[in-house]
Enquirer: 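Just passing along the structure, written as structure tokens.
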Amino acid sequence: MQAQWPSAPYVGMWSRVANFRREALERELAGGSVVKATVMRQTLHLVTRRDYGIFRAAMSETNFPWESALAKRLAPDVRKIAAEGVVTSEAAIAYLERNHNLGSLNPRRAWRYARASAHLVHHHESALWRARPEGRFVAIDEPDAHNPLAARAEMLRRYLAAFGPASRRDIVAWSMMHMPEIGRALDRLNPLVRFRDEGGRELLDITGAPLPAGDVPAPVRFLPKWDNVLLAFADRIRVLPERYRKTVIRLNGDVAQTFLVDGFVAGMWRVEKGRVLLAPFEKMSRSARVELEQEAARLETFISG
């Protein structure tokens, strides 16, 4: 789950999982079975410890910054200082500046790359519903070894299970991996189901995945900031009408909190004094408005719980 905004994975899970309680997720975070780490698109997600190892192995053959020679050179020292306990960004940056020649690389950036290479993840308190804001990190055991190609195939199987049918360009946009790496991994997933969209582009899906008819109603759903639904496709008009794209996805990369009506982004939402305030982009039918307000009331209850 996307986790740049501390409350985002909680709202994302609430929208997807029946009877989800944030205390359940916080227990997993405190126990270390779920971690907040840099994975897809080099952004923060909550992942299980097992999936962390799979995703990192899947990305190990792509030239992400934590795979650089400098990051790997700094990683042993970063793990060494983390062995003493929680590490703050300020202390780690000062340590790297004192003890290593970073060249022209910004020290804060060097720390970000080195901690990812060294398998330092965010302290679980930064991922709580009411998170502590400061940058604090802890070392986890290095993940079990996985074959990178097999791990990448598993990662893409998960992607298609969640977002398919999808094109290869969609997979690139979601993963930030290169097309040859993706192609070799997809070959491991055959047989895949193949479709053509209205423009003749090939879409891929896993065998047995559900494919509802176009007239199947889609319930109202609330999405948190930076939700993967809005970032999983190169062609975002599948979910986000083009006329709203610049309103929802800003030039600085910020992605607003939105709600879906009939499977498409239809407006944005925010919380003020415990109330969920709605900002539809257009006038809605009475039935859609009633359903939206009912779901907003449920979200208010979750937020205040």
Side-chain angles (χ1 to χ4, degrees), residues 1-6 9 25-128 130-152 154-155 175-177 181:
M1 296 300 298
Q2 174 67 271
Q4 285 170 268
W5 190 257
L25 177 55
E26 293 189 336
R27 281 196 301 271
E28 299 300 319
L29 287 161
S33 58
V34 174
V35 296
K36 181 178 179 178
T38 300
V39 283
M40 290 83 68
R41 298 186 302 281
Q42 303 182 54
T43 56
L44 293 173
H45 286 73
L46 297 190
V47 294
T48 65
R49 285 283 292 272
R50 179 177 180 274
D51 283 355
Y52 171 80
I54 291 173
F55 293 164
R56 285 296 300 270
M59 296 183 289
S60 65
E61 295 182 335
T62 306
N63 56 338
F64 289 118
W66 57 76
E67 297 292 344
S68 68
L70 175 61
K72 292 182 177 181
R73 175 167 64 83
L74 299 177
D77 264 10
V78 168
R79 281 196 71 86
K80 190 182 301 181
I81 60 173
E84 301 174 5
V86 177
V87 181
T88 66
S89 291
E90 290 70 20
I93 291 168
Y95 175 87
L96 292 178
E97 287 183 300
R98 285 195 310 269
N99 294 282
H100 290 275
N101 176 15
L102 302 178
S104 60
L105 184 61
N106 178 283
R108 186 168 295 275
R109 188 169 294 178
W111 156 237
R112 190 163 67 245
Y113 301 162
R115 74 179 186 237
S117 182
H119 302 294
L120 269 62
V121 300
H122 286 252
H123 191 281
H124 79 273
E125 290 177 354
S126 74
L128 301 180
R130 293 181 174 84
R132 295 177 60 163
E134 64 267 29
R136 301 162 71 233
F137 299 85
V138 295
I140 60 173
D141 292 339
E142 295 201 19
D144 294 338
H146 295 275
N147 175 276
L149 179 57
R152 196 155 55 248
E154 173 60 14
M155 181 176 173
S175 68
M176 290 187 65
M177 292 190 293
E181 298 164 343

Enquirer: Just jot down the ring-ring contact (aromatic ring centres under 6.0 Å, His included) partners of H124, sequence neighbours excluded, or say none.
Expert: none
Enquirer: We want to know whether S60 and E67 form a side-chain donor-acceptor pair, criterion being a heavy-atom distance below 3.5 angstrom.
Expert: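 Absent: no donor and acceptor within the cut-off.
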Enquirer: Which pair of heavy atoms, one from A58 and one from M155, lies closest together, and at what distance?
Expert: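 That closest heavy-atom pairing would be CB-SD, 3.6 Å.
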Enquirer: Hey, does M40 have a side-chain heavy atom less than 4.5 Å from the side chain of M176?
Expert: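 Not in contact.
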Enquirer: Atom CE in M1, atom CG in L46: separation rounded to 0.5 Å?
Expert: 8.0 Å
Enquirer: Considering only heavy atoms from C-beta outward, does the side chain of H123 approach that of F137 to under 4.5 Å?
Expert: no
Enquirer: Roughly how far, to the nearest 0.5 Å, is CG of N147 from CZ of R152?
Expert: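 With rounding to 0.5 Å, CZ (R152) is 8.5 Å from CG (N147).
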Enquirer: Please give me the minimum heavy-atom distance between G32 and R49, naming the atom from each residue.
Expert: O-CG, 2.9 Å
Enquirer: Can you tell me how far apart CZ (R108) and CD (E97) are? Round to the nearest 0.5 Å.
Expert: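 Atom-to-atom, R108:CZ and E97:CD are 9.5 Å apart.
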Enquirer: With a 4.5 Å heavy-atom cut-off, do R115 and H119 have their side chains touching?
Expert: no
Enquirer: Do S126 and R136 have side chains that approach each other closer than 4.5 Å (heavy atoms only, starting at C-beta)?
Expert: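 Side-chain contact under 4.5 Å: no.
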Enquirer: Can you find a pair of side-chain heavy atoms, one from P107 and one from L96, that are under 4.5 Å apart?
Expert: no
Enquirer: Do you know the tightest heavy-atom contact between M177 and T62?
Expert: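 For M177 and T62, the tightest heavy-atom pair comes out as CG-OG1, 3.6 Å.
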Enquirer: Indicate the atoms forming the closest heavy-atom contact of K72 with W66, along with that distance.
Expert: CG-O, 4.3 Å
Enquirer: What pairs of donor and acceptor atoms, side-chain ones from residues 74-85 against any protein atom, are under 3.5 angstrom apart with sequence neighbours left out?
Expert:
unit_1	atom_1	unit_2	atom_2	d
D77	OD2	Y95	OH	3.3
D77	OD2	H100	NE2	2.8
R79	NH1	A118	O	2.6
R79	NH1	I140	O	3.1
R79	NH2	I140	O	3.1

Enquirer: Show the numbers, then the answer: is there a side chain to side chain contact (heavy atoms under 4.5 Å, CB included) between V121 and V138?
Expert: CA-CA 6 Å; V121 300; V138 295; 4.1 Å; yes
Enquirer: Kindly compute the distance separating CZ (R130) from CD (E125), expressed to the nearest 0.5 Å.
Expert: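 The CZ atom of R130 sits 14.5 Å away from the CD atom of E125.
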Enquirer: Please say whether more than 12 non-hydrogen atoms of neighbouring residues, nucleotides or ligands are located less than 6.0 Å from CZ in R73.
Expert: yes
Enquirer: Taking all non-hydrogen atoms of both residues into account, name the closest pair between S117 and R56 and its distance.
Expert: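 Nearest heavy atoms, S117 then R56: CA-NH2, 3.9 Å.
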Enquirer: Looking at A127 and L29, what are the two nearest heavy atoms and their distance?
Expert: O-CD1, 3.6 Å
Enquirer: Could you tell me if the side chain of Q2 sits less than 4.5 Å from the side chain of T43, heavy atoms only?
Expert: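 With C-beta onward as the side chain, the pair touches.
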Enquirer: Find the distance between CD (E61) and CG (L149) and round it off to the nearest 0.5 Å.
Expert: 7.0 Å
Enquirer: Do L70 and L105 make a side-chain contact, defined as non-hydrogen atoms from C-beta onward lying under 4.5 Å apart?
Expert: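 In short, these two side chains touch, coming nearer than 4.5 Å.
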Enquirer: Find out whether V87 and W111 are in side-chain contact, i.e. whether some heavy atom of one side chain is under 4.5 Å from a heavy atom of the other.
Expert: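 Yes; the side chains approach each other to less than 4.5 Å.
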